[in-house]
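All of these numbers come straight from a predicted model, not from anything done at the bench. Heavy atoms only: backbone and side chains are in, while hydrogens, waters and symmetry mates are out.
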Amino acid sequence: MAPLPSWIESHDPRFDQLVLFNAELELLADGFRWLEGPVWFGDHNCLLFNDIPNNRTMRWSPEHGVSVFRELSDYANGQTRDRQGRLITCHHASRCLTRLEPDGTVTTLANQAHGKRLNAPNDVVVKSDGSIWFSDPLYGLLNDYEGGRQLSEQPPAVYRLDPDSGEVSTMAADFDGPNGLAFSPDERKLYVAESGAPGVAEPHQYIRVFDVAADGRSLSGGEIFHKVTPGWADGFRVDEAGNLWCGAADGVHCIAADGTLLGKVLVPHRVSNLCFGDRHHSRLFLCASKAIYALFTNTRGVQSP
């Protein structure tokens with residue numbers, strides 16, 4: 001087998017089967033401020049992502065390059081697609097979760113829980129039963145750079161939005177700063193990044209793993225699954241084998257389902273979030289601070305059924 005590129009750091013032989021010796025780390029676009037929320041639209045052959053401080057959602061496609069998708073995004077952060085292909089987005093400024101309808105109108109799905117305003121929804125995933133799970137830390141309320149200073153009305157938490165009733169239920173409230181989240185391929189486990197309380201000297205920062213109840217309506221467990229270093233875990237995605245591909249201070253870390261660090265993709269900038277897309281769902285798109293990178297891999301991201 002040919003040697004791997006210098007920017008690929010293997011920690012386990014299993015990682016060598018997931019990366020390609022002849023696939024380059026490509027810079028697709030640059031000149032932004034802080035990027036988040038990548039989501040692939042295969043039906044439009046494009047990537048959407050959020051430039052949070054510039055308060056806009058951007059679009060990249062191989063045919064047309066970069067363009068503005070939504071000029072005022074209410075400081076959108078994490079986003080995904082639901083089972084009908086609609087865009088689900090977390091917003092800092094308006095402290096809500098929205099859905100973009102096929103006709104271009106926007107529906108507010110949730111802006112409160114238990115009678116109080118949400119904080120600043122951060123990241124979101126959709127389960128196969130249509131339920132929407134999202135994290136709600138304080139980060140988007142703390143400064144004007146990512147949404148505008150506002151007062152919190154309740155502690156951070158991870159929530160589940162019921163697809164039928166619209167009810168928002170607390171799934172886990174023992175977090176200082178819940179961040180990225182993703183289900184295992186069989187949806188029996190939920191991984192959640194604990195990014196820590198803002199402003200403290202030694203924040204709790206690690207990935208936790210929960211068992212999902214058979215009816216999909218509650219969680220148990222919550223043990224520490226893995227601690228990313230350097231930096232901390234932000235956004236991540238799961239591939240078909242159950243490996244986590246996680247943003248970190250030095251790039252992307254690939255973590256096996258048993259919690260072992262398999263390897264790293266070293267990137268010039270801190271990676272906040274990522275997603276799989278493009279042909280076969282095997283290309284990894286990276287939000288790396290002020291730039292978008294991409295890398296073809298030898299695995300595929302978990303796809304909706």
Worksheet item: Is H204 atom NE2 crowded by more than 12 heavy atoms from other residues, nucleotides or ligands, each under 6.0 Å away?
Response: no
Worksheet item: Are F49 and F285 near enough that their ring centres are under 6.0 Å apart?
Response: no
Item to complete: Examine distances only and state if a side-chain atom of S152 and a backbone atom of Q154 form a donor-acceptor pair shorter than 3.5 Å.
Response: yes
Discussion item. Between S61 (side chain only) and C46 (backbone N and O only), is there a donor and an acceptor less than 3.5 Å apart?
Written reply: no
Practice prompt. Report the C-alpha distance between D43 and R81 in whole Å, list the side-chain angles of each, state the deciding distance to 0.1 Å, and finish with yes or no for side-chain contact (heavy atoms from CB on, under 4.5 Å).
Written response: CA-CA 12 Å; D43 41 348; R81 301 183 77 178; 3.1 Å; yes
Discussion item. I'd like to know if the side chain of N50 pairs up with that of E36 as donor and acceptor (distance under 3.5 Å, no hydrogens or angles considered).
Written reply: no
Discussion item. Does the plane of the ring in H114 sit parallel, tilted or perpendicular to the ring in Y159? Use 30° and 60° as the thresholds.
Written reply: tilted
Discussion item. Check the orientation of Y191 and F236. Use parallel for under 30°, tilted for 30 to 60°, and perpendicular for over 60°.
Written reply: perpendicular
Item to complete: Please lay out, stage by stage, how L219 and W133 fare under the test side-chain contact (heavy atoms from CB on, under 4.5 Å).
Response: CA-CA 12 Å; L219 300 174; W133 298 61; 3.9 Å; yes
Worksheet item: How about L286 and L25: do any of their side-chain heavy atoms sit closer than 4.5 Å?
Response: yes
Worksheet, complete the sentence: Closest non-hydrogen contact found for Q150 with A93 is NE2-O, 3.0 Å
Worksheet item: Can you tell me if E240 uses its side chain to pair, donor with acceptor, with the backbone of T299 under 3.5 Å?
Response: no
Discussion item. Would you say that R70 contacts V106 through its side chain, given a criterion of any heavy-atom pair below 4.5 Å between the two side chains?
Written reply: yes
Worksheet item: Hey, what do you get for CE (M171) to CZ (F210), rounding to the nearest 0.5 Å?
Response: 11.0 Å
Worksheet, complete the sentence: One should read off an interatomic distance between Y75 OH and D144 CG, to the nearest 0.5 angstrom, of 7.5 Å
Discussion item. Quick one: does any side-chain atom of R83 pair with a main-chain N or O of V126 as donor and acceptor, under 3.5 Å?
Written reply: yes
Worksheet entry | R270 charged N/C atom sitting above W232 aromatic ring, 6.0 Å / 45° | yes
Discussion item. Within the 4.5 Å heavy-atom criterion, are L138 and P156 side-chain neighbours or not?
Written reply: yes
Fill in: Identified side chain to side chain donor-acceptor pair (under 3.5 Å) partner of H92 from the options N122, N55, N77
N77
Discussion item. Applying the side chain to side chain contact (heavy atoms under 4.5 Å, CB included) criterion to L97, which one of I132, D136, V168 satisfies it?
Written reply: I132
Worksheet item: Rounded to the nearest 0.5 Å, how far apart are CG of L141 and CD of E146?
Response: 11.0 Å
Worksheet item: Is it true that a side-chain atom of D186 and a backbone atom of R188 form a donor plus acceptor pair closer than 3.5 Å?
Response: yes
Discussion item. Is it true that D234 and S272 share a donor-acceptor pair across their side chains at a distance under 3.5 Å?
Written reply: no
Worksheet item: Quick one: does R208's side chain have a donor or acceptor within less than 3.5 Å of a partner on G222's backbone?
Response: yes
Worksheet item: Under 3.5 Å, side chain of E194 to main-chain N/O of G177, donor-acceptor pair present?
Response: yes
Fill in: Check: N119 main-chain N/O paired with R95 side-chain donor or acceptor under 3.5 Å
yes
Discussion item. Let's go through R149 and L142 carefully: what are the C-alpha distance in whole Å and the side-chain angles of both, what is the deciding distance for side-chain contact (heavy atoms from CB on, under 4.5 Å) to 0.1 Å, and is it a yes or a no?
Written reply: CA-CA 5 Å; R149 287 179 291 176; L142 301 179; 5.9 Å; no
Fill in: Residue pair T98, H91: steps toward the side chain to side chain donor-acceptor pair (under 3.5 Å) verdict
CA-CA 8 Å; T98 66; H91 303 271; 2.7 Å; yes
Discussion item. Rounded to the nearest 0.5 Å, what separates atom CG in L100 from atom OG1 in T105?
Written reply: 7.5 Å
Worksheet item: Considering only heavy atoms from C-beta outward, does the side chain of F134 approach that of L118 to under 4.5 Å?
Response: yes
Discussion item. Within the 4.5 Å heavy-atom criterion, are F41 and R59 side-chain neighbours or not?
Written reply: no
Worksheet entry | Close side-chain approach of D278 to F296, heavy-atom, < 4.5 Å | yes
Worksheet item: Judged by atom type as modelled, is there a donor-acceptor pair below 3.5 Å linking the side chain of K227 to the main-chain atoms of Q205?
Response: yes
Worksheet, complete the sentence: Contacts satisfying salt bridge (Lys or Arg N to Asp or Glu O under 4.0 Å) that involve residues 253-269 (not counting sequence neighbours) are E9-K264, R14-D258, D250-K264
Worksheet item: So T107 and L109, side-chain contact (heavy atoms from CB on, under 4.5 Å) or not? Walk me through it.
Response: CA-CA 6 Å; T107 300; L109 299 176; 4.2 Å; yes
Worksheet item: Between D162 and R160, is there a side-chain N and carboxylate O pair less than 4.0 Å apart?
Response: yes
Worksheet item: Hey, mind stepping through R300 and D239 against salt bridge (Lys or Arg N to Asp or Glu O under 4.0 Å) and telling me if it holds?
Response: CA-CA 5 Å; R300 296 176 176 181; D239 69 18; over 6 Å; no
Worksheet entry | Backbone N/O of D12 and side chain of S10: donor-acceptor pair under 3.5 Å | yes
